[in-house]
Structure formats: C-alpha cells, structure tokens
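Note that this is a predicted model, so its numbers are computed, not measured. We count ligands from 1, going down the list as the structure has it; atoms in each ligand are counted the same way.
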Amino acid sequence: MKVTIVGAGNVGATCADAIAYRSIASEIVLLDIREGFAEGKALDIMQCATNTGYNTRVSGVTNDYSKTANSDVVVITSGIPRKPGMTREELIGINAGIVKSVAESLLQHSPNAIFVIVSNPMDTMTYLAFKSLGLPKNRIIGMGGALDSSRFRTYLSLALDKPANDISAMVIGGHGDTTMIPLTRLASYNGIPVSQFLSQEQLDKVAADTMVGGATLTALLGTSAWYAPGASVAYLVDSILNNQRKMIACSVFVEGEYGQNDICIGVPCIIGKNGVEEIVDIKLNDAEKALFSKSADAVRSMNDALNT
Ligand code: NAI
C-alpha cells in the first residue's frame, strides 16, 4: 500500500513517521515545495527503520507529483499553521489556494486514492476538495474529530486519573475552538458514564479545555501542534488501509445526516477500505442538536468565503 503526504512540515513529517511506525504501508512519499526539505525529512525517518523494526520505504520529493502515482491514500497537510492568537479560520485565504492545487495534482496521478484533508480550516478545506475534485463523498475525509476526540479523552483521563485508553468519548461538529462539540453525556470509563465520577462543573471544564486544546498548544509552542495530529492521521489511515471499520469522527459531506446539507462537518463515521463506509446516526438530545445546528451554521458561513 502506498501513502503520499503533501507538506513535509511539522504535521506532515510526523504523519509519515507515525504511519511508518505502524508498518501499515509499503511505501510513503513525502512531498513539499521547499527544495530538498521533504527529501531530508524522509531520509531522517527512514533511518529510524532499523531501530524500530519497520520496512516501509519512505522517500521525499520536491513538488514532483509523478512520484506520488498510484497512491492508495493521500494526505494533505500543506499550508500555513496558526500562530498564537490566530483562529484556524484566519488561514482560509492562503490555504484554500494551496489545498485546491495540491488536491488536483494528486488526483491526476492517483485517480483511485482516498483523500485525507488536514490543512486548516479543515472543514472548509475538505468541502473545497470535495467540490473541486468531483469524487464520491466516501473518498474525501477531513481529519479533525480524531484529534479533538483524543484531546477530549486525554482531559477526561486527567480529571478521572484513569488511563485514556479506558475512556471512550467523541467530539463531533466543526473543527474550531467554538464549533466543536465534546459529547460529555456519552463519554464513558470502561462502559460507565463519566458523569458517575465527575461533577457537572468538572465535565464543563473538560469540555472547555478540549475546545481550546489546539489554541493552548499554539500558545505554548508558538505554532500549532504536531505529535497528536500526526498520530491521529495514522490512526485514521490504518483504519482505511486495514479495513478496520473503526468509528471515527471525521469531516464528511453531509446530505441530510444530522439535519444538514451541503457542508463538510464532523460526524461519527465507519472508516474502512472505501474511506467513509457509513455515517453513524447517534441519537442526540435537544441541547446537542441545537449545538450541532449552530456549529453547522458557522461552518457554512466560513465556506461562503470560498466562492465555490
Ligand atoms: P508547517 O508550516 O510546519 O508545514 C507546512 C508545509 O507545507 C511546509 O513545509 C510548506 O513548505 C508546505 N507547503 C506549503 N505550500 C505547499 C504546496 N503548495 N505544496 C507542497 N507543500 C507546501 O505547518 P504544520 O504545522 O505542519 O501544519 C500544516 C497544516 O495542518 C496547517 O494548516 C495547520 O493549521 C493544519 N493542522 C490541522 C490539524 C487538524 O486537526 N486538522 C492539526 C494540526 C495542524
């Protein structure tokens, strides 16, 4: 299986590293516009192989899309990240041009690939890719919910003082500080609702920390995060390449699901060899439905800036 990652920066290179560690692809191609940069990152990652036990071939190229030919999955991380104080939405002007041209070049060489969109504002970039490529909706997946859900599980794990892997929880809605919806009502620790262990005040704090999880890291690091984003992409790509059919919150084009149309927004999806195999219909309560509708309005108004 072949995976191409465009953008060999913090997130893209970490994706390549995390995918290689999982031994799920025979070949990874990293592509960047910066001369020699992807080549350098790829060589560095390849030199981990003997000490970690994987045999994935990792190569880097400068803007040569012919080397990405016949990829099974392509991941788009190219574009600028946010700086402290910026919202993801402020990146739209620059990143829209980059994502559109990168997506079109990738499709020319990998007509059967499944697209994973990471560049921000991710829901809008996913919508842009969907509209400009004309592919079936199952082949365009925005990665945001996997990361936000892992941040949610981390904050729950800290509040509960229990291992994050024993906690099940999901974030749906838009991938923005004010648009994401951590589903605290449905979060559980070993099958037991977390509300059995945490007060409403504690749950509200966990949800608030989750929503600004990316901004907290941006303030600390001076740029946006990369380890958890890279690991989240690898988790998603693993479910595609190995047809694991995991349920992962992903930004996908909705046609009536959750009462919304003509946007890409985070909903629970079964992810397998065809990309989005199914959108899972979770029964939201009235308050959650209202939050989802508000989130969808915000995503929709951001898409208006695209003029698609
Ligand atoms: P970065 O600046 O470290 O890397 C971006 C790379 O893209 C650079 O190496 C740059 O040379 C390359 N690039 C720019 N234009 C290109 C083009 N036309 N073709 C090929 N490569 C090109 O940024 P970082 O931290 O890796 O973030 C990348 C994107 O991912 C940002 O938009 C960021 O906001 C987003 N992001 C999304 C997350 C999510 O959950 N969806 C999580 C974290 C970051």
Before signing off on this row, confirm whether [X] and ligand 1 have an N or O atom pair separated by under 3.5 Å.
X	answer
Phe37	no
Ser78	no
Pro229	no
Ile80	yes

Spacing of Ile92 atom CD1 and Ser119 atom OG [to the nearest 0.5 Å]: 12.0 Å
Interatomic distance, Phe152 atom CZ to Ser168 atom OG [nearest 0.5 angstrom]: 10.0 Å
Quick check on the hydrophobic clustering: are [X] and [Y] connected, directly or via other members, by side-chain heavy-atom contacts under 4.5 Å?
X	Y	result
Leu306	Phe115	yes
Phe253	Val73	no
Leu43	Leu30	no
Ile265	Val118	yes
Ile98	Trp226	no

What atoms of ligand 1 come closer than 4.0 angstrom to any heavy atom of [X]?
X	result
His175	39 (C), 40 (O), 41 (N)
Leu91	34 (O)
Asn120	32 (O), 33 (C), 34 (O), 35 (C), 36 (N), 37 (C), 38 (C)
Val6	20 (C)
Arg34	8 (C), 9 (O), 11 (O)
Ile98	15 (N), 16 (C), 17 (C), 18 (N)
Val11	24 (P), 25 (O), 26 (O), 27 (O), 43 (C), 44 (C)
Leu147	40 (O), 42 (C)

For Ala225, which part has a heavy atom under 4.0 Å from ligand 1: side chain, backbone, both, or neither? backbone
Please classify the Val102 to ligand 1 contact at 4.0 Å (heavy-atom distances, strictly less than): side chain, backbone, both or neither. side chain
Heavy-atom nearest option to [atom], drawn from [options]:
atom	options	value
atom 10 (C) of ligand 1	Asp32, Leu31, Asn10	Asp32
atom 30 (O) of ligand 1	Pro121, Gly97, Ser119, Gly142	Ser119
atom 14 (C) of ligand 1	Ala13, Ser105, Gly214, Gly79	Gly79
atom 22 (C) of ligand 1	Ile33, Val233, Leu30, Thr77	Ile33

For residues 96-105, which residue pairs pass the side-chain hydrogen bond (donor to acceptor under 3.5 Å, both in side chains) check, not counting sequence neighbours? Lys100-Glu104
Is there any side-chain hydrogen bond (donor to acceptor under 3.5 Å, both in side chains) pair reaching into residues 29-48, and which pairs are they, with sequence neighbours excluded? Glu39-Thr62
Among all protein heavy atoms, pick the one closest to [atom] and tell me residue, atom and distance.
atom	value
atom 41 (N) of ligand 1	Met143 O, 2.8 Å
atom 2 (O) of ligand 1	Pro81 CD, 3.5 Å
atom 4 (O) of ligand 1	Gly9 CA, 3.3 Å
atom 37 (C) of ligand 1	Val118 O, 3.0 Å

Under a 4.0 Å N-O cut-off, is there an ion pair linking [X] with [Y]?
X	Y	value
Arg245	Glu277	yes
Glu257	Lys137	yes
Lys67	Asp64	yes

Asn138 side chain vs Gly275 backbone, donor-acceptor pair below 3.5 Å: no
Hey, does Trp226 sit under 4.0 Å from ligand 1 if you only count heavy atoms? no
Within the structure, is a non-hydrogen atom of Asn95 found at a distance of less than 4.0 Å from ligand 1? yes
Heavy-atom check, side chain of Val75 versus side chain of Val6, under 4.5 Å: no
